[in-house]
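In the text below, chain A, chain B and the rest are named by the order of the sequence lines, each starting its count at 1. Nothing here was measured: the structure is a model prediction, and the numbers come from that model.
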Number of protein chains: 2
Amino acid sequence: MRHLCMPEGLSADDTAKLEGVICSTRPILRGEALFRAGDVFESLFAIRSGSLKTVVSHEGGREQVTGLYLSGDALGLDGIGENTHICDAIALEDSSVCLIPYALFERVCRETGAIQRRLHQMMSREIVRETSQMMTLGTLRADERVARLLLDLSARFTRRGYAAAEFTLRLTRDEMGSYLGITLETVSRTLSRFQKLGLIDARGKLIRIRDFDGLRGI
Amino acid sequence: MRHLCMPEGLSADDTAKLEGVICSTRPILRGEALFRAGDVFESLFAIRSGSLKTVVSHEGGREQVTGLYLSGDALGLDGIGENTHICDAIALEDSSVCLIPYALFERVCRETGAIQRRLHQMMSREIVRETSQMMTLGTLRADERVARLLLDLSARFTRRGYAAAEFTLRLTRDEMGSYLGITLETVSRTLSRFQKLGLIDARGKLIRIRDFDGLRGI
DNA sequence: CGAAAAATTGACCCGATTCAATTCAAGTGG
DNA sequence: CCACTTGAATTGAATCGGGTCAATTTTTCG
């Protein structure tokens with residue numbers, strides 16, 4: 001959490017300013033939307049606890065999971081450009097988010113270089129994350145995509161102080177597939193194969209990675 | 001061009017400030033790199049004339065075109081987060097770019113709300129563009145991807161004052177395929193099919209769209 | 001003009017989707 | 001607390017879209 005709300009590199013004074021921007025926190029129940037495509041953009045959000053997915057819906061019923069956000073991640077940056085959100089943000093479990101009114105945040109950014117830099121960093125990193133996801137969708141085979149998702153999540157959980165090798169995946173097979181651009185059946189088959197190869201231990205949503213290098217080598 | 005360098009909604013004073021940030025312009029020959037993955041990030045770039053692609057290279061030789069930038073577009077936002085570029089930016093034709101030293105730009109943003117807003121807009125729109133590309137790569141069939149690329153380029157050329165129905169595509173079939181996550185052969189076959197269906201007229205790199213609604217309906 | 005790169009087209013093949021049938025897990029209410 | 005319902009996950013069989021390999025043709029550019 002502190003990554004975002006109290007980033008290192010800020011003076012005590014700056015930190016106080018940043019805390020002043022966080023107006024309130026909001027709980028969201030599993031399955032609820034924090035915002036929806038078309039909603040007017042007013043605030044950024046920082047996840048205090050829990051996890052959310054972002055989903056884009058196409059005309060014609062097709063939809064895709066475009067992002068996966070854990071505690072400390074920032075959400076809502078898509079809305080800045082046109083003052084409107086372009087995706088739904090849905091809680092994957094009961095979660096809690098900080099609310100950061102954008103108009104206020106913008107003003108504080110102008111006052112404090114360190115905070116400004118933090119916002120720009122957040123946005124740029126989101127761009128980099130999406131570029132990486134485009135690589136995944138554009139060039140990898142199905143099993144490579146699944147392996148990459150598991151390793152990515154493991155790394156992100158680790159950075160948050162959780163175990164690297166064991167975590168609860170809050171996504172259904174369907175959501176995983178949607179995120180990776182493959183079908184839920186392919187996800188399921190791939191996980192089964194990984195299990196048979198001794199790379200992972202998957203009992204439902206609980207995933208245990210047994211062979212990191214093996215996964216990386218897929 | 002003016003979209004970026006002299007956005008409407010800025011006062012004469014703000015415009016002057018913005019012009020002060022644009023230190024110099026730089027020509028790039030077709031095939032040359034404006035920056036490369038790993039380069040230290042120092043400046044943003046705005047395209048004055050021409051067009052560039054961004055390319056990400058994977059370990060193992062695989063690479064993907066992740067972006068396509070025309071005159072007026074901003075380039076280099078990926079570097080802000082970690083002070084390092086993550087992709088190569090390569091000129092698709094002889095082009096010219098404005099150089100915007102980031103340290104200077106950051107300072108001006110702090111002084112002027114309107115300019116700050118413009119930067120945030122640029123970054124947010126890049127996020128939205130990438131999200132849209134993720135949709136393309138994750139959910140569309142090959143022919144839908146090609147149709148979407150043609151329509152997208154047509155719209156972008158139109159906004160720049162060029163003809164909507166006819167434009168020169170600076171990408172090779174290989175680059176198109178890489179951008180769309182399909183092979184060059186599939187691109188070629190799809191374009192031939194579109195031609196046979198009377199949707200387009202493609203003579204090499206010169207594309208003429210004959211039936212917009214038909215393309216949209218693919 | 002001629003070499004090299006790009007594009008087209010065909011034939012074959014394979015990975016992933018689709019369709020379908022169970023099995024498993026998770027809530028819910030009697 | 002357990003049967004019941006419902007959504008999620010697994011697995012198999014058949015199909016197909018797009019990839020791969022290869023042979024020509026066309027275009028580009030030094």
Side-chain angles (χ1 to χ4, degrees), chain A residues 29-31 53 60-65 90 92-94 136-150 168-197 200-208 218, chain B residues 29-32 53 60-65 90-94 136-150 168-197 200-208 218:
Chain A
L29 296 177
R30 173 204 170 95
K53 65 173 175 178
R62 274 182 288 191
E63 60 176 47
Q64 178 168 24
V65 174
I90 313 284
L92 295 169
E93 60 193 307
D94 295 353
T136 298
L137 294 170
T139 69
L140 301 191
R141 291 196 319 272
D143 53 351
E144 295 174 315
R145 298 185 196 194
V146 174
R148 185 178 243 266
L149 174 60
L150 296 180
T168 306
L169 195 38
R170 301 291 177 175
L171 298 170
T172 64
R173 302 291 186 255
D174 195 13
E175 288 166 327
M176 274 192 265
S178 171
Y179 185 54
L180 296 174
I182 56 184
T183 59
L184 69 292
E185 291 95 332
T186 300
V187 172
S188 181
R189 276 186 253 272
T190 304
L191 288 175
S192 298
R193 187 144 33 84
F194 284 178
Q195 173 119 358
K196 227 165 280 166
L197 291 169
I200 64 168
D201 230 336
R203 268 186 315 295
K205 296 222 190 308
L206 183 70
I207 306 272
R208 208 166 91 73
I218 287 288
Chain B
L29 296 176
R30 172 205 172 94
E32 266 186 8
K53 65 173 175 178
R62 276 182 287 190
E63 60 177 48
Q64 178 169 24
V65 174
I90 313 283
L92 294 169
E93 60 193 306
D94 294 354
T136 297
L137 294 170
T139 70
L140 301 190
R141 292 196 317 272
D143 53 353
E144 296 175 313
R145 298 186 196 194
V146 174
R148 183 179 245 265
L149 174 60
L150 296 180
T168 305
L169 194 39
R170 301 290 178 176
L171 298 170
T172 65
R173 301 289 185 257
D174 195 12
E175 288 167 327
M176 274 192 263
S178 171
Y179 185 53
L180 297 174
I182 57 185
T183 58
L184 68 295
E185 290 95 333
T186 300
V187 173
S188 181
R189 276 186 254 272
T190 303
L191 288 175
S192 298
R193 186 144 34 83
F194 285 177
Q195 174 120 356
K196 228 165 279 167
L197 292 169
I200 64 168
D201 230 337
R203 270 188 312 297
K205 295 220 188 311
L206 183 69
I207 305 271
R208 208 165 90 75
I218 287 289

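Only one option out of A:K53, A:R170, A:R30 pairs with A:E93 in a salt bridge (Lys or Arg N to Asp or Glu O under 4.0 Å); it is A:R170.
Contact annotation: B:T172 side-chain N/O to C:dA6 OP1/OP2 distance is not under 4.0 Å. Applying the 4.0 Å criterion to OP1 and OP2 of C:dT8, one finds that B:R173 has a side-chain N or O inside that range. Phosphate proximity of D:dT11 to A:S188: absent, as no side-chain N or O sits under 4.0 Å from OP1 or OP2. Between A:T183 and C:dT17 there is a side-chain polar atom (N or O) within less than 4.0 angstrom of OP1 or OP2. Using a 4.0 Å cut-off, some side-chain N or O of A:K205 falls inside it from OP1 or OP2 of D:dA9.
Taking the side chain as every heavy atom from C-beta outward, B:V146 and B:T186 never approach each other to under 4.5 Å. Between A:Q64 and A:L137, the closest side-chain pair of non-hydrogen atoms falls below 4.5 Å. Side chains of B:E63 and A:T139 form no contact here, defined as non-hydrogen atoms less than 4.5 Å apart.
Rounded to an integer number of Å, the gap from A:D143 CG to C:dG15 C1' is 10 Å. Residue A:I182 contributes atom CD1, which lies 22 Å from atom P of D:dC16 at whole-angstrom precision. What separates CD1 of A:I207 from P of D:dA9 is a distance of 10 Å, to the nearest Å. At whole-Å resolution of the value, CG in B:L169 and C1' in D:dT28 are 16 Å apart. Spacing between atom CG of B:L171 and atom C1' of C:dA7 amounts to 14 Å, rounded to whole angstrom units. Regarding A:R193, its CZ atom lies at a distance of 13 Å from the P atom of D:dT10, rounded to whole Å. Taking atom CG of B:D174 as the reference point, atom P of D:dT27 lies 19 Å away to the nearest angstrom. Between B:L140 atom CG and C:dT17 atom C1' there is a gap of 16 Å when expressed in whole angstrom units.
Residues A:R189 and B:G181 each lie close to DNA chain D; by heavy-atom proximity, the contact nearer the 5' end of the strand is made by A:R189.
For A:R208, the CZ atom is densely surrounded, since the number of other residues' heavy atoms within 6.0 Å is greater than 12.
Contacts of A:L191 with the nucleic acid, taken as non-hydrogen atoms under 4.0 Å apart, are absent. Contact annotation for B:R30: backbone-only contact, meaning every heavy-atom pair under 4.0 Å involves sugar-phosphate atoms and none involves a base.
You'll find that the side chain of A:E185 is closest to D:dT11, out of D:dT11, C:dA16, D:dG19. When distances are taken from the side chain of A:S192 to each of C:dA11, D:dG18, D:dT10, the shortest belongs to D:dT10.
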